> 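The structure is given below, and queries will be raised subsequently.
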Amino acid sequence: MKAESHVVWSTKKEIDLGDPSQKKTYIQDVLTNGLASDISKLDWEEIERFLPGLNLPERVLRLWRFYFEHAKR
């Protein structure tokens, strides 16, 4: 897939979302730089699964931890 330029700056190449490493980096980039419309296209279960290993700004990480902690109630 070709990522939006406001989300992924590191490459102009196609992103292979079948590659777990590229998918992890893509999710990280979307959560950090994406718009609500970009984030809404992500798989919520994948976000939760990848979350512990993502390098996110602390405020973004706290938001998602809070979301998943309270979404299950």
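Just so it is clear, the model here is predicted, and its values are computed rather than measured.
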> Looking at Q28 and N55, would you say the former's side chain and the latter's main chain have a donor-acceptor pair under 3.5 Å?
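Such a contact is found between Q28 side chain and N55 backbone.
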
> Would you compute the distance between atom CD1 of I39 and atom CD1 of I27 and round it to the nearest 0.5 angstrom?
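The CD1 atom of I27 is 11.5 Å from CD1 of I39, to the nearest 0.5 Å.
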
> Step by step, work out the side-chain contact (heavy atoms from CB on, under 4.5 Å) result for L31 and L42.
CA-CA 9 Å; L31 294 179; L42 295 177; 4.0 Å; yes

> Nearest 0.5 Å, please: how far is CZ in F50 from NZ in K23?
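So the gap between those two atoms works out to 6.5 Å.
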
> Check side chain to side chain contact (heavy atoms under 4.5 Å, CB included) between L61 and all other residues, then give those that pass, not counting sequence neighbours.
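Testing L61 for side chain to side chain contact (heavy atoms under 4.5 Å, CB included), a comparison that skips the adjacent residues, returns L51, L56, E58, R65.
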
> Please name the pair of heavy atoms, one in E48 and one in P52, separated by the smallest distance, quoted to 0.1 Å.
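Minimum heavy-atom separation between E48 and P52: O-CD, 3.6 Å.
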
> Can you list everything that forms a side chain to side chain donor-acceptor pair (under 3.5 Å) with D19? Sequence neighbours excluded, please.
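If we apply the side chain to side chain donor-acceptor pair (under 3.5 Å) test to D19, skipping adjacent residues, the hits are Q22.
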
> Kindly write out the residues that satisfy ring pair (Phe, Tyr, Trp, His ring centres under 6.0 Å) with Y67, not counting sequence neighbours, or none if the list is empty.
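Here the qualifying residues are W44, W64.
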
